[in-house]
Amino acid sequence: MTHMTPPPADPCPGGSPPEPPFLSLHTTVVLLAAVVIGLVVGCMTVLTGAPVAGAVLAGLAASGSAVPVLRSLVGRIR
């Protein structure tokens, strides 16, 4: 007795191509690493006894300045 397998389901119902991702993997890795760097710098600043507002500013400055550096260091992911 032969078994007939059904054809694979169409991955794009309606014939439209899939929507591209909102952020590329490279951008997501760079931004996530910058956020982690900012959080670490902010927490370390609070531990030195600085005011919380100063720690927030230090963390924002660190994450903002880390983005261009990380962008050039992290290779393009394909």
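Checking side-chain atoms of S63 against main-chain N and O of G59 turns up a donor-acceptor pair under 3.5 Å.
In this structure A61 satisfies the side chain to side chain contact (heavy atoms under 4.5 Å, CB included) test with no other residue, sequence neighbours excluded.
Cluster partners of V46: none. The rule joins Ile, Leu, Val, Met, Phe, Trp and Tyr whenever side-chain heavy atoms lie under 4.5 Å apart, and it links nothing here. V52 forms part of a hydrophobic cluster together with V56, L60, judged by ILVMFWY side-chain heavy-atom separations under 4.5 Å. Through direct or relayed side-chain contacts under 4.5 Å between Ile, Leu, Val, Met, Phe, Trp and Tyr, V69 connects to L73.
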Side chains of residues 30-43: which donor-acceptor partners sit under 3.5 Å, not counting sequence neighbours?
none

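Nearest heavy-atom pair, H26 versus R71, reported as atom, atom and distance to 0.1 Å: NE2-O, 3.7 Å. A pairwise comparison of heavy atoms in A58 and T45 identifies CB-OG1, 3.8 Å as the closest pair.
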